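Have a look at the structure below before the remarks.
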There are 2 protein chains.
Amino acid sequence: MKDITNLAWFAHVVEHGSFSGAARALGVPKSTLSRRIADLEDELGVRLLNRTTRKLYLTDVGREFLVHCQTVVAAAEAAEQVTHFVQEKPRGKVRISSPYAISQSLLVSIMPGFLARYPDVQIDLVMTNKPVNLIEEQVDIALRVRSTIEDSSLIARELLPSASALFASPECVTRYGLPEHPLDLSDWPTLSMHYSSGRYQWSFTSQHGESVTMNYQPRLITDDLWVLREAAAEHQGVVSLPVYLCRDYVEQGRLVRVLPEWRLPVGKLHMVYPYRRGLLPAVRVLIDYLIEFMPGAAGLAGLATDSDA
Amino acid sequence: MKDITNLAWFAHVVEHGSFSGAARALGVPKSTLSRRIADLEDELGVRLLNRTTRKLYLTDVGREFLVHCQTVVAAAEAAEQVTHFVQEKPRGKVRISSPYAISQSLLVSIMPGFLARYPDVQIDLVMTNKPVNLIEEQVDIALRVRSTIEDSSLIARELLPSASALFASPECVTRYGLPEHPLDLSDWPTLSMHYSSGRYQWSFTSQHGESVTMNYQPRLITDDLWVLREAAAEHQGVVSLPVYLCRDYVEQGRLVRVLPEWRLPVGKLHMVYPYRRGLLPAVRVLIDYLIEFMPGAAGLAGLATDSDA
DNA sequence: AATTACTGTTCCATATATGGCACAATTTTT
DNA sequence: AAAAATTGTGCCATATATGGAACAGTAATT
């Protein structure tokens, strides 16, 4: 079948009872319609309509043929309807990928509000600490903590600064001595998130502008911040963690901030999504919602902002 | 919806799992396929497929959309199937129009053989003595007795000569006197078929080549030959009738041939059908069957051929 | 590690389809 | 009776879509 559109046009011609009428309804020149139906008949080797200059008569074949053509039209309209449906208001599923820590601390606190505001939207929250390929994982939005997002095929929106600092248990500090300078940490056991680069280092900046880069060999590598925090609280070593994650533990005396005068690079919580012309309303409103409410959620969760970094 | 073919192509792309595969299967360049699907997505404002260079991923919308596209494909195939069905062997209905007399004397005798030979063909025999418009009456084949068929949009096949002669009842001949010359009929009551021209005349040719044209005012005008024959047998006057129609009555002594030395123009039984590229097998075989068996049927029915005209 | 094969997309000269017009045929209106 | 309106089709300059080649990216193979 060369051009299925011809089937739909044929159905319209029959239903309007004339080429001219159907042409007007379809917004197509009647000469085109005439030729296309004639082409269709030639291709099929069968006459569908007998024409006088004034009236059309369906052939027997045409009559049976018509039924299926009408099915084509109905199915095509139903197909189009599907796309209208998800476009007229926020509807359907949105897959969002987020690291565990972010999900547990920030997302969970704002999701109820979002779900209440958009009752026809379902959220599929994929929690993972691994870097995700948005297309392969079929994810609409991903949250990432990075200093910069380099992938040009993605749109990146900066949601929050996410300051990190070094933490260790008081017991560790007692055991290894309170460090005054980054190099004092050289014989400390260290913990770290997994980095695919395989290079583990801290880049310190003092309040006077002095820079020190220090390589270290982590005793524990994992891809979950919470695990790292527990390990640190259990005296396993010193670790770089988001400030907001540790605030409670610091207040409880389970962790202390190490080298508070030296800053580590401020990461940023990014939201990334693929560049797409037709972003669905459901995805759009989640993006907007995250932009609007994530900073507030971070405040409630005690996330470090510049002022307390 | 601009081009419904795109829906079918989309379905094929999904089912093959790749543009290249679908392109090969459809016999379409993959560049065309790629562009058409992209156009479709733009037109709908929705992304149907997420592509990597190696794999395709249906979006949620695409998945729902696909169902209807598959319906389109199935319906289009079903439509095409309808046309194949009636083309692969003689099948379906054939409407044939024929004058009453021809139907009753000739067609009925050969129809059983035809119906037996082609069990999947139905014949719709429209008996009428009025001139039929093949298209408006939706007739595939019409039988007509004319000297020539002038309509160029029709294909005319000559089936038989159909000689006519004048007949009257013996009683009439006794009453008005046996005519020796056409002009002897001038005071006879006359009967005639209905002619739309409104001009009633007999054109005689003698065996010596002499021509005489005689106008007359019919006492009875009808459009059925059988009625005319009965009227003549009932002594209502002289009438021009096909020779074969009257043979039985002549043998029974109910009618006699008048002016046997003077011939009337020999009409011809024609079969006409519209010129169509795609003549269905069912129509084709009926045409062929009539050409093959009508002469024999005429012989059995005693239809006048040249030899007995 | 390097090579090969194959993916989907883009480009652009070329081939194809389009659509305004004219036309013959017919119906409706004047 | 004549004129106006409307039908479906054929024509042809023009606009649109096509499809082969090139390309960048990825997976499988060597």
Side-chain angles (χ1 to χ4, degrees), chain A residues 1-6 8-10 12-43 47-59 62 131-137 150-154 274-277, chain B residues 1-6 8-10 12-43 47-59 62 133-137 150-154 274-277:
Chain A
M1 180 75 49
K2 224 169 48 189
D3 191 344
I4 296 182
T5 307
N6 289 349
W9 286 6
F10 167 69
H12 280 103
V13 166
V14 174
E15 282 160 10
H16 281 85
S18 77
F19 282 78
S20 299
R24 277 190 297 270
L26 290 168
V28 167
K30 58 179 180 170
S31 59
T32 299
L33 207 47
S34 170
R35 186 168 26 74
R36 293 281 286 259
I37 302 299
D39 289 350
L40 177 63
E41 291 178 318
D42 283 356
E43 187 191 332
R47 182 160 270 254
L48 301 170
L49 290 169
N50 288 320
R51 308 136 167 94
T52 65
T53 48
R54 217 60 187 182
K55 245 169 110 54
L56 297 178
Y57 301 88
L58 264 179
T59 63
V132 298
N133 178 318
L134 297 222
I135 292 174
E136 288 181 6
E137 306 285 337
E150 65 294 336
D151 191 333
S152 63
S153 73
L154 299 176
Y275 174 70
R276 287 171 190 168
R277 271 160 298 220
Chain B
M1 179 76 49
K2 225 168 50 190
D3 192 343
I4 297 183
T5 308
N6 289 350
W9 285 6
F10 168 69
H12 279 102
V13 167
V14 174
E15 281 160 11
H16 281 86
S18 77
F19 282 78
S20 299
R24 277 190 297 268
L26 290 168
V28 167
K30 59 178 181 169
S31 59
T32 299
L33 206 48
S34 169
R35 186 168 26 72
R36 294 280 287 259
I37 302 300
D39 289 349
L40 177 63
E41 290 178 319
D42 283 355
E43 187 192 335
R47 183 161 269 255
L48 301 171
L49 290 169
N50 287 320
R51 309 140 168 89
T52 67
T53 49
R54 215 62 186 179
K55 246 168 110 57
L56 298 178
Y57 300 89
L58 264 179
T59 63
N133 178 318
L134 297 222
I135 292 173
E136 288 181 5
E137 307 286 336
E150 65 292 338
D151 191 334
S152 63
S153 73
L154 300 175
Y275 174 70
R276 287 171 190 168
R277 275 161 295 221

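Here is the naming used below: chain letters follow the sequence lines, and residue numbers restart at 1 for every chain. On a predicted model such as this, the values are computed, not experimentally measured, just so you know.
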Interatomic distance where [atom1] belongs to [X] and [atom2] belongs to [N] [whole Å]:
X     : N      : atom1 : atom2 : value
A/N50 : C/dT26 : CG    : P     : 15 Å
A/W9  : C/dG19 : CH2   : C1'   : 11 Å
B/F10 : C/dG8  : CZ    : P     : 14 Å
B/L49 : C/dT9  : CG    : P     : 9 Å
B/R54 : C/dT4  : CZ    : C1'   : 11 Å

query = Between A/D39 and A/K2, does at least one N-O distance fall below 4.0 Å, as a salt bridge requires?
reply =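 Not counted as a salt bridge, because no side-chain N and carboxylate O are separated by less than 4.0 Å.
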
Distance-minimising heavy-atom pair for [X] and [Y]:
X      : Y      : value
B/P274 : B/L154 : CA-CD2, 3.8 Å
A/L58  : A/L49  : CD2-CD2, 3.8 Å
B/T5   : A/D3   : OG1-OD1, 2.6 Å
A/E41  : A/L48  : OE2-N, 2.7 Å

task = Using a 4.5 Å cut-off on heavy atoms from C-beta on, say whether the side chain of B/F10 contacts that of B/N6.
result =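 No, every pair of side-chain atoms sits at 4.5 Å or beyond.
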
query = Is there a side-chain contact between A/V28 and A/R36, using heavy atoms and a 4.5 Å cut-off?
reply =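 With C-beta onward as the side chain, the pair stays apart.
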
ask   = Going 5' to 3' along DNA chain D, which nucleotides are the first and last within contact of chain B (any atom under 4.0 Å from a heavy atom)?
value =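 Result: D/dT18 to D/dA27.
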
key: Those residues of residues 25-36 of chain A lying under 4.0 Å from DNA chain C by at least one heavy atom   =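 Contacting residues: A/P29, A/S31, A/T32, A/R35, A/R36.
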
inquiry  = Less than 4.0 angstrom between a side-chain N/O of B/R24 and OP1 or OP2 of C/dT7, yes or no?
reply    =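 Yes, B/R24 has a side-chain N/O under 4.0 Å of OP1/OP2 on C/dT7.
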
ask   = Residues two or more places apart in sequence or in another chain: which of them pass side chain to side chain contact (heavy atoms under 4.5 Å, CB included) with B/S31?
value =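 With sequence neighbours excluded, B/S31 shows a side chain to side chain contact (heavy atoms under 4.5 Å, CB included) to B/P29, given in chain and number order.
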
task = Report the residue (B/E136 or B/S20) whose heavy-atom-nearest nucleotide on DNA chain C is the more 5′ of the two.
result =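 Result: B/S20.
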
